[in-house]
Structures are given as C-alpha cells and as structure tokens.
Amino acid sequence: MFKYLAITASALALVPAGLSADFALPDNEVLFNKYFGKGTQNYKCNGTVWALDSADAELYLANDYTGSADITHFFLPTPDAKGGRPSWKYHADGSVVTGIVTKKVNAPSSADIQWLYINKTSSTSGVLENVDYVFRLYTKSGIAPPASECAAAKAGNITKLPYEAQYWFYKASPAATTTIPVATTSSAANLQPVMTTAGSYYSDAAAPKATTSNGINYGDAPMTTTTGSYHVVSSASKVAGSFIGLVLLFIAQ
Ligand SMILES: *[C@@H]1O[C@H](CO)[C@@H](O)[C@H](O)[C@H]1NC(C)=O
Ligand SMILES: *[C@@H]1O[C@H](CO)[C@@H](O)[C@H](O)[C@H]1NC(C)=O
Ligand SMILES: *[C@@H]1O[C@H](CO)[C@@H](O)[C@H](O)[C@H]1NC(C)=O
C-alpha cells in the first residue's frame with residue numbers, strides 16, 4: 001500500500017566529475033551551493049619571492065557575474081584559533097565561515113592558480129555557519145609574478161592579480177533522510193499524525209514549502225503523492241534543505 005523511494009544523504013554528495021580521489025568528502029556532506037568568484041590574489045614581495053598575502057573576491061550565483069554578489073571572499077588579518085585565514089561572508093545575514101587549505105591540486109593549466117580543498121576552522125551564526133568544506137575549483141589566472149620582479153628594493157610591496165574561480169560549499173546533510181509513510185490522501189487528518197517533527201517537509205524533488213503556524217506543513221501539492229520519501233528539515237536548516245532540490249535538478253540535467 002505504501003511505496004517509498006529512499007534517497008540517502010550520501011547519494012546527494014556532489015563532487016566535480018573526475019575529482020573524487022582528491023576531493024572526496026565525508027558521506028554525510030551535501031553540496032550547499034556553488035558560486036562564481038571574481039577578484040584578486042594579493043601577493044607580497046619580501047625582497048626575494050612573492051608569497052600569497054590575501055585574496056579579495058565577490059562570489060555570484062551567476063557564472064557571468066550578473067546580479068548582485070552573495071558572498072565576499074577575504075582573508076582574516078590574523079589566523080583564527082585553528083590557523084584559518086581564508087574567509088567568506090554571506091551578505092544577507094553577515095555570517096562568516098573561515099577555513100584552512102588542507103590540499104592543493106595543480107590546475108590543468110599552469111597559467112591558473114591551484115585548486116584547493118579547504119576545511120572549515122570557524123564560523124559565525126547564519127547561512128554559512130554550518131559550511132564544513134569549501135573547494136576552489138576551475139580557476140583562471142591569479143598566478144604570482146616571477147621572483148625576478150621581487151627585488152630587495154620592492155620588499156613589502158603588494159601586487160594584486162586578477163583571477164576567477166568557482167567556490168563549492170558543502171554542509172552536512174540537514175537531517176538524516178526520513179521516510180514517512182504517505183497517506184493515500186493529503187488531508188491534514190491523514191498526514192499530520194506522521195509528521196510529528198516541527199519543521200518543513202518536502203518531497204525529494206521539491207523545495208521546502210511554507211510551514212503552518214504549528215510548524216507542520218501538510219497541505220502542499222508534493223504531499224499528495226502516495227509514493228516517495230520526505231525529508232524532515234528543522235526550521236534552522238531550511239536554507240540548506242532548499243539546495244537539495246537544486247542538487248537534484250542539477251543531477252537531472
Ligand atoms: C622570502 O621568503 C622566502 C620563502 O619563505 C625565503 O626563502 C627568503 O629568505 C625570504 N627573503 C627575505 C629577504 O626575507
Ligand atoms: C580535512 O577534512 C578531511 C575530510 O574530512 C579530513 O580527512 C582531513 O583530515 C581534514 N584535515 C584537517 C587538517 O583537518
Ligand atoms: C611599490 O609599488 C608601488 C606601486 O607599483 C611603486 O610606486 C613603488 O615604487 C614600489 N615600491 C618599491 C620599493 O618598489
């Protein structure tokens with residue numbers, strides 16, 4: 001009478017094709033979102049060589065950098081308690097995640113800066129609070145100038161090199177996928193008894209729907225199906241949850 005399609009959290013983890021060896025993630029991680037970043041890599045000359053000092057970039061959802069940027073990429077002036085400096089600030093709520101580079105992979109072209117695996121070291125409350133990993137991928141330009149341009153007289157000088165990159169953000173799955181028996185009709189009387197956790201419920205393919213005042217959503221169209229699994233998402237995790245829908249759309253393409 002009830003049929004369920006169980007989609008596990010790990011099935012939603014998304015690492016760029018061909019990069020699974022270097023960019024493997026724990027099973028419970030899912031892609032939160034990917035952004036297109038454009039800015040500068042800032043190098044400081046110490047009189048002998050240029051070393052990375054910081055980076056500044058704006059991150060967009062659109063790959064042509066149209067619309068307004070959602071995130072600013074910057075470096076903390078001094079490392080956090082776990083040594084992290086590269087940071088991302090979400091404009092809408094001011095949340096910041098900071099990380100440390102734990103793996104570097106050469107880009108396909110030596111004209112482009114390396115691809116990076118970054119582990120979170122700290123964060124502040126908001127959308128980016130629960131980001132665990134950030135990958136810098138598909139880089140363009142941004143390579144340090146040659147040492148020959150860092151003479152002793154230039155010690156202390158900073159040069160800013162334009163670059164572009166994709167930043168992929170990962171969070172732990174918002175909740176273990178919960179399979180809820182779906183009643184044969186979507187009436188409140190049938191669905192409410194199984195949807196006992198306050199929060200937003202949505203089907204595998206649908207974005208979270210608005211919750212009712214009691215925190216339980218039982219009247220939306222996706223709930224009328226008699227098959228499928230429903231994810232249970234706490235109110236605090238709704239944003240992360242909404243991206244599962246995007247991930248599925250992405251996979252479907
Ligand atoms: C500049 O940094 C490099 C790499 O850390 C180091 O080998 C070199 O001695 C430094 N040069 C000066 C003048 O401090
Ligand atoms: C970074 O995260 C990966 C994946 O969880 C882990 O294997 C690695 O030990 C972490 N590195 C550091 C320095 O925390
Ligand atoms: C540092 O860079 C600025 C701007 O390019 C330049 O005017 C200045 O002369 C440089 N300083 C040194 C010591 O080369």
Side-chain angles (χ1 to χ4, degrees), residues 8-35 37 40-55 71 73-88 95-107 110 113-124 127-139 142-161 163 165-177 237 240 243-244 247:
T8 63
S10 62
L12 297 171
L14 199 60
V15 167
L19 296 180
S20 53
D22 283 317
F23 289 85
L25 284 164
D27 276 352
N28 63 330
E29 291 292 318
V30 295
L31 181 66
F32 163 66
N33 215 351
K34 61 176 172 179
Y35 291 94
T40 59
Q41 295 282 308
N42 310 326
Y43 297 95
K44 193 176 204 170
C45 165
N46 71 349
T48 309
V49 293
W50 297 96
L52 185 69
D53 181 67
S54 62
I71 292 175
H73 176 38
F74 67 102
F75 271 48
L76 297 179
T78 53
D80 67 14
K82 290 184 179 170
R85 283 190 67 219
S87 304
W88 292 265
S95 57
V96 174
V97 61
T98 299
I100 193 164
V101 175
T102 55
K103 195 178 283 188
K104 299 178 177 183
V105 174
N106 286 338
S110 60
I113 51 176
Q114 289 175 306
W115 296 11
L116 304 178
Y117 190 123
I118 296 158
N119 294 38
K120 171 236 208 82
T121 52
S122 61
S123 63
T124 64
V127 165
L128 298 187
E129 178 176 12
N130 298 317
V131 167
D132 296 322
Y133 301 92
V134 182
F135 293 166
R136 184 180 79 187
L137 305 165
Y138 305 109
T139 51
I143 296 277
S148 59
E149 291 175 21
C150 172
K154 270 201 176 174
N157 249 25
I158 288 180
T159 185
K160 300 188 174 193
L161 279 297
Y163 84 106
Q166 289 184 25
Y167 289 93
W168 293 35
F169 291 75
Y170 294 87
K171 292 183 176 185
S173 177
T177 298
S237 301
F243 285 104
I244 289 181
V247 168

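Values below: all heavy atoms of this structure, side chains included; hydrogens, waters and symmetry mates excluded. We count ligands from 1, going down the list as the structure has it; atoms in each ligand are counted the same way.
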ask   = Does Asp132 reach the main-chain N or O of Ala172 with its side chain, forming a donor-acceptor pair under 3.5 Å?
value = yes

ask   = Is there a donor-acceptor pair under 3.5 Å between the side chain of Lys171 and the backbone N or O of Val127?
value = yes

ask   = So, Thr121 and Asp80: side-chain donor and acceptor under 3.5 Å apart, yes or no?
value = yes

inquiry  = Thr102 versus ligand 2: do any nitrogen or oxygen atoms come within less than 3.5 Å of each other?
reply    = no

inquiry  = Quick check on contacts: which atoms of ligand 2 are under 4.0 angstrom from a heavy atom of Asn119?
reply    = 1 (C), 2 (O), 3 (C), 8 (C), 10 (C), 11 (N), 12 (C), 14 (O)

query = Of all the atoms in ligand 2, which lie at a distance below 4.0 Å from a heavy atom belonging to Tyr117?
reply = 3 (C), 4 (C)

So what's ligand 1 close to, N/O to N/O, under 3.5 Å?
from, atom 1, to, atom 2, distance (Å)
ligand 1, 2 (O), Asn46, ND2, 2.2
ligand 1, 11 (N), Asn46, ND2, 3.0
ligand 1, 11 (N), Thr48, OG1, 2.9

request  = Using atom types as modelled and distance alone, determine if a side-chain donor or acceptor of Tyr43 lies under 3.5 Å from a backbone N or O of Gly142.
outcome  = yes

key: Residues that Val101 engages under side-chain contact (heavy atoms from CB on, under 4.5 Å), provided they are two or more places apart   = Lys104, Leu116, Ile118

inquiry  = Can you tell me how far apart NZ (Lys160) and CG (Asp53) are? Round to the nearest 0.5 Å.
reply    = 9.0 Å

remark   = Nearest heavy-atom contact between Gln114 and Asn106 is NE2-OD1, 2.9 Å

key: Greater than 12 external heavy atoms within 6.0 Å of Lys103's NZ   = yes

Which segment of Pro26 sits under 4.0 Å of ligand 2 when only heavy atoms are counted = side chain

